[in-house]
Protein chains: 2
Amino acid sequence: MDLPPLQQEFVLHFGEMGSRWGINRTVGQIYALLFITDRPLNADDIVQALGVSRSNVSMGLKELQAWNLVQHRHLPDDRRDYFTTPEDLWEIVRILVEERKKREIDPTLSKLRSLEMQSPDRPQDHYAHGRISELRELIELLTGWYGDMKQLETDRLVQLLTLGAKIQKVVAATDKIVTLPRRTKLQTDSDKA
Amino acid sequence: MDLPPLQQEFVLHFGEMGSRWGINRTVGQIYALLFITDRPLNADDIVQALGVSRSNVSMGLKELQAWNLVQHRHLPDDRRDYFTTPEDLWEIVRILVEERKKREIDPTLSKLRSLEMQSPDRPQDHYAHGRISELRELIELLTGWYGDMKQLETDRLVQLLTLGAKIQKVVAATDKIVTLPRRTKLQTDSDKA
DNA sequence: CCGAATTTTCAGTTATTTCTGAAAATAGTG
DNA sequence: CACTATTTTCAGAAATAACTGAAAATTCGG
């Protein structure tokens, strides 16, 4: 690998982290490299920086493009493809979450719903059925919330995140003023009590 | 695999999903099985249900224990170890997030901070330095928010999630009343404008 | 402390994923 | 359309991860 120390350590770290998230090491490294580099890079720049094969880079870029995680550029008087990451970190977060949802959450929700439909309530499936419903409800609650949050402009989102727990007081204060939607059926501590 | 259809399909699905998240398929299957089963299971029950080797189950359970994801039980007049998942789904979510944070986010934060320290501002590192700071700030904001949220009782949390985007109106309404903490340095749309 | 029941470990095997070089495909230029 | 630059594909090699059976370790009742 042919990179200055700061960049190298960064790239290696995200290569490692990537592999814990089911992302292959090289793909993680390519992304990290694009992320900390000031200008668009072409495939050969990446080959040189990371010391992996040209074909590996090609496959890695293809993967990143499938995830919408890199932007494609062309420089004047240069036929080669150049790549960058979005400047805006929040944009990156949004894309990551959105793609992950599309690939993992949505199919899981379909599967859970289909499982609830089929198998018309055999007694030995009772418990499993219940757990599947609970899980589906939980995921629906979380994805519903996410759907709301993703509409927000970055400014508002940062504001909410910064508020943190204080939000609770705001809500508590306005509890009786604002009309709350009906509660879900998810079991909560107070249900048990 | 020796399971009724509903259970089998559920278990297979989460085995698959697991592998996309860097969790090995068998571990995912074991957890899914414990999750939809009404009673604690011992290792041999799992061997029988999933059709994998005893040693594989032993290693899988060890992994799940390291992640705090299973509860350990003993039944009277039985020396074998029995395992279950928490009844409360929210508890499972909390554990998952907490462990993931411990293993992935916290080390990443340390790494980013250490990178910011070292390499005393060589000009060619300027951009990388900036990106690293931005990323660190973003992660700090998110983990700070998470730290706040995890304090909340399930009830309150569900309430907030259910409010969803409406929360924004509440905040907007009380914007001038509640004292907001200082804004972070993360770039936002309005900074650019 | 002995022996049976149970769990864990681990070296070797198998399966899966990643990576490479070479060849094929594609795209741009004159 | 031919030529060159560039990217993509893909079969096989290399690396990694998962899985197994057998043996070792542990636990517990007597």
Side-chain angles (χ1 to χ4, degrees), chain A residues 1-2 11-12 14-34 40-67 69-84 103, chain B residues 1-2 11-12 14-34 40-67 69-84 103:
Chain A
M1 188 173 301
D2 176 22
V11 161
L12 289 176
F14 281 90
E16 274 318 303
M17 277 307 158
S19 44
R20 296 209 200 168
W21 280 76
I23 290 156
N24 111 26
R25 193 153 20 84
T26 305
V27 172
Q29 291 183 355
I30 293 174
Y31 198 76
L33 176 65
L34 295 175
L41 297 180
N42 64 45
D44 284 317
D45 294 335
I46 299 170
V47 166
Q48 155 108 69
L50 302 184
V52 297
S53 75
R54 183 50 233 267
S55 49
N56 198 358
V57 169
S58 178
M59 290 187 299
L61 287 170
K62 192 179 161 199
E63 177 98 6
L64 287 171
Q65 284 174 289
W67 278 79
L69 278 170
V70 289
Q71 294 172 345
H72 205 217
R73 293 267 184 83
H74 273 119
L75 298 188
D77 298 328
D78 192 334
R79 279 161 65 164
R80 289 169 292 179
D81 293 331
Y82 283 78
F83 298 90
T84 50
R103 284 153 210 258
Chain B
M1 188 173 302
D2 176 22
V11 161
L12 289 177
F14 281 91
E16 275 318 302
M17 277 305 158
S19 43
R20 296 208 199 169
W21 280 75
I23 288 156
N24 110 27
R25 191 152 23 84
T26 306
V27 172
Q29 290 183 356
I30 293 174
Y31 198 77
L33 176 65
L34 295 175
L41 298 180
N42 65 44
D44 285 316
D45 294 334
I46 298 171
V47 166
Q48 155 108 69
L50 303 184
V52 296
S53 74
R54 184 51 234 268
S55 48
N56 199 358
V57 169
S58 178
M59 291 186 297
L61 286 170
K62 193 180 160 198
E63 176 98 7
L64 287 170
Q65 284 175 289
W67 278 78
L69 279 170
V70 290
Q71 293 172 345
H72 205 214
R73 293 268 183 82
H74 274 118
L75 299 187
D77 299 329
D78 192 333
R79 279 163 63 166
R80 290 169 293 179
D81 293 330
Y82 284 79
F83 299 90
T84 50
R103 284 153 210 256

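Per chain, numbering begins at 1; letters A, B, ... match sequence-line order.
Contact annotation: B:Asn24 side-chain N/O to D:dC19 OP1/OP2 distance is under 4.0 Å. Between A:Arg54 and D:dT7, a side-chain N or O to OP1/OP2 separation shorter than 4.0 Å is present. For A:Lys62, a side-chain nitrogen or oxygen approaches OP1 or OP2 of D:dT9 to under 4.0 Å. Listed pair A:Ser58 / D:dT8 meets the phosphate criterion, a side-chain N or O lying under 4.0 Å from OP1 or OP2. Contact annotation: B:Thr26 reaches the phosphate of D:dC19 (side-chain N/O to OP1 or OP2, under 4.0 Å).
Between B:Asn56 atom CG and C:dA15 atom C1' there is a gap of 12 Å when expressed in whole angstrom units. The distance between atom NE2 of B:His72 and atom C1' of C:dT6, rounded to the nearest whole Å, is 11 Å. Between A:Asp78 atom CG and D:dT7 atom C1' there is a gap of 13 Å when expressed in whole angstrom units. Between the P atom of D:dT20 and the CG atom of B:Leu50 lies a distance of 11 Å, rounded to the nearest Å. Rounded to a whole Å, the CG atom of A:Asp77 is 17 Å from the C1' atom of D:dT4. For the pair B:Arg80 CZ and C:dT7 C1', the interatomic distance rounds to 12 Å; values are reported in whole Å. Spacing between atom CD of B:Glu63 and atom P of C:dT9 amounts to 13 Å, rounded to whole angstrom units. Protein atom CZ of A:Phe83 is 7 Å distant from nucleotide atom P of D:dT8, rounded to whole Å.
Inter-residue side-chain proximity for B:Glu63 and B:Asn24 is flagged as unmet; no heavy-atom pair is nearer than 4.5 Å. Between A:Ile30 and A:Val70 the shortest side-chain heavy-atom distance does not fall below 4.5 Å. Side chains of A:Ser58 and A:Lys62 form no contact here, defined as non-hydrogen atoms less than 4.5 Å apart.
Closest contact between the side chain of A:Arg25 and the listed nucleotides C:dT7, D:dC10, D:dT16 involves D:dT16.
Here A:Arg79 lies in heavy-atom contact (under 4.0 Å) with a base. Using a 4.0 Å heavy-atom cutoff across all strands shown, A:Asp81 reaches sugar-phosphate atoms only and no base atom.
Each of A:Gly51 and A:His74 has a nearest nucleotide on DNA chain C; the 5'-most of these lies closest to A:Gly51.
Below the 3.5 angstrom threshold, one finds a donor paired with an acceptor across the side chain of A:Ser55 and the base of C:dG21.
In summary, the aromatic rings of A:Tyr82 and A:His74 are positioned with their centroids too far apart to meet the 6.0 Å limit.
Of the candidates A:Asn42, A:Val57, A:Asp2, A:Asp2 is the only one forming a side chain to side chain contact (heavy atoms under 4.5 Å, CB included) with A:Gln48.
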